[in-house]
Amino acid sequence: MLLGLWLSAIPIQAETFTLRTPGTQLVLEATQGQDLQLLYYGDKSATASDIANANAHAFAALPAFGSVDMIYLPALQVQHADGDLNLELVVDKVEQLSTVNYQLSTITLADKLQPFTLRVYYKAWHSVDIIETWTEIEHREKKPVTLKRFDSGALHFYGDNPHLLHLHGDWAAEAMPTVEPLTRGMKTIRNTDGARNAHLDAPEVMIALDGAPKENYGSVIGAALCWSGNYEIRLNAANNDGYTLYAGIDPQSSEYVLAPRTVFVTPHLALTYSNEGMGGVSRAFHRWARTCGMMHNGNAVRDILLNSWEGIYFDITEERIIAMMNDIAAFGGELFVMDDGWFGNKYPRNNDSSSLGDWVVDTRKLPNGLKALTDAARERHIKFGIWIEPEAVNTASELFEKHPDWALQARGRELKLGRGGTQLVLDMSNPQVQDFVFNLVDTLLTNNPEISYIKWDANASIQNYGSTYLPKDKQNNLYVDYHLGLVKTLERIRAKYPNVVIQNCASGGGRANYGLMPYFDEFWVSDNNDALQRVFIQWGTSYFFPSNAMAQHIGGSPYLMTGRVAPVKFRCDVAMSGRLGMELQPAHMTDEERAQCTTAITDYKELRPIIQLGNLYRLVSPYETVVGPEKQQVASLMYVTDDQAQAVLFAYGLTSFMKQQSRRIRLAGLDPDRTYTLTEKNIRHGEQPCALHGKSFTGAYLMSVGLDIPLSTEYSHDYPSRIFLLTDK
Ligand code: DGJ
């Protein structure tokens, strides 16, 4: 986290005050003894008098059940110790803190009757158009208070035919953008997996205020709830001409029991607003993730790796692992990751039905232990990484034999078993389990100091609702305390191991969210590594997440899950648009595949800083479906450096027919006054670069007229693709 100096911490008697980011402002009215009102959120160009004159539209910043704003859907509802269900929160004080990086406003609200306090925070970043909001709830009542609803924030907005975009999906089909008009009534997006929250419906949304969202223009609000557990995002048509977005932890089965003098902190809700359409919102989230501490080591470029999973699955032997290390080193890669299958003593991990929890090397497979592997990696000048699934246990494990009570379970009920017919989730609300998880990582890294990368997997939902640790009257706290326990453990790990790269994996992209991102360097985008479907999955994921967080691996062909045969160049080009890796058995590759992957890795090293740290412009969406031979279905995106001196352009042909009309692609994000020269990269093995190679164009021409990129029938195979480096020399 970037910490600046506190420049001031002055309680102010503010009535109306404004939080500013470079392009946006949020205006609040906080008058002592009155409700906290949100007057405006949007473009920075609105003047104080515009906002004051529109005062009729003021809206409770957090409508509470029992207050004068009771007619609105509440963002907050509690049951006090004496049974009272009402909250009448009025402003007690306002504090402003300013650092070199952000402005933080804290508004303390107090209930008119009960000793109940709510602190509302707004954190406006100076360098990026993101404002984070969250609350702290505290009381001094005689007994616990039940938090029945405790949203992180609410945002009232107006629009002319506003549209919602959110990511819907499934395992192996994550992040499908769904766009729909916001009609009257309420639209709810939620996830109830318990342990992960991004497979089905992800906790991030965009709202285009004027009609269907456009990529590069139009007013769009973005919102991301920074939480990895169950959540609920509601969009409600208010009883005037506006709408309200509410976002917070899902209170269903989670009405939280809060003891007196304990502080409950809600997850941060990150808000952004852009006049540059969905692309502007995406770029704000990406920059915030990379530079504001919302992602661990966000501004670092990532290594090129080979992961063993889809190459050898559980069939780990020292010989096979070392052979794979030889391969990735020969390709020019920088890291080898040994996935599942390396552990278990009494219960060897030969398939997914046993051993989770027993984090000891299986010496039948690896007789010389991990030391032999880290030594081998060092000798090959590559790094070594390893897979773990710390929050899980199999009933067939020594851990379960010793600590059956550490698994989540409903007392007296039969266990519901997950993956492999034996998998359970450990109770992360239990401090002993938190210690166990910390110690397993600590022991692994202390005993093997050359492990530089961990893949942290999570392959189970919470199916058994119950904790043997939480008392009877706090069973409701489990969904929340699970994640608080997980975060606490990750904080301990990060305090001791800040430099180990940790991948967040949850059966693919099940935990691609900003709740866990501060502790992880990247996430596994999907278990589906089929290059064609990856174009779609990566497209959707890019709406909210930066490319250096998105692990994208070159898979085999035919691809094991879909049977699709795709050229190795296409598979490379698709993976190269994010954090590049490989996930296949190199021993099964043809010479052509080897040669292409070597070229891809060499070229990627040159392009990597632009791809991983540049500004993303999505140009042609794969979701613009064109079926049939007349016109080609295409996807295209580009990354541009901050100084606009360099860019990398990706173009993928998704359908191929003879004499198909090609698609002219207009570029974006360039300087119109500069001249850019195109260099084709990762040229298909055995072919010459295309006619655009070496040609120069002005930024203005590229953005207004565009390029006819040769992806058509003359390039006679399925899934043609091109990558170009643009330089202003
Ligand atoms: C699920 C992950 O998403 C895969 O990449 C792989 O690590 C397997 N688990 C291993 O069991």
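Atoms within a ligand are numbered from 1 in the order they appear, just like the ligands themselves. Keep in mind that this is a model prediction, so the values were computed, not measured. Count residues from 1 along the sequence.
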Would F436 and W406 count as a close aromatic pair, with their ring centres under 6.0 Å?
-> yes

Have E174 and N528 got a donor and an acceptor in their side chains that come within less than 3.5 Å?
-> no

In terms of ring plane angle, is the pair Y313 and W309 parallel, tilted or perpendicular, where the classes change at 30° and 60°?
-> perpendicular

What's the verdict on ring-ring contact (aromatic ring centres under 6.0 Å, His included) for F285 and Y543, showing C-alpha distance, side-chain angles and the deciding distance?
-> CA-CA 8 Å; F285 278 122; Y543 279 111; over 10 Å; no

Can you check whether D327's main-chain N or O pairs, donor with acceptor, with R594's side chain at less than 3.5 Å?
-> no

For the pair F650 and Y639, name the ring-plane relationship: parallel under 30°, tilted 30 to 60°, perpendicular over 60°.
-> perpendicular

One line per pair, note the atom names and distance for all nitrogen or oxygen contacts under 3.5 Å between ligand 1 and the protein.
residue	atom	partner	partner atom	Å
ligand 1	3 (O)	G508	N	3.1
ligand 1	3 (O)	D527	OD1	2.4
ligand 1	3 (O)	D527	OD2	3.1
ligand 1	5 (O)	K455	NZ	2.8
ligand 1	5 (O)	W524	NE1	3.4
ligand 1	5 (O)	D527	OD1	3.4
ligand 1	7 (O)	D339	OD1	2.7
ligand 1	7 (O)	D339	OD2	3.3
ligand 1	7 (O)	W387	NE1	3.1
ligand 1	7 (O)	K455	NZ	3.0
ligand 1	7 (O)	D457	OD2	3.3
ligand 1	9 (N)	D457	OD2	2.7
ligand 1	9 (N)	N459	ND2	3.4
ligand 1	11 (O)	D340	OD2	2.6
ligand 1	11 (O)	R419	NH1	2.9
ligand 1	11 (O)	R419	NH2	3.0

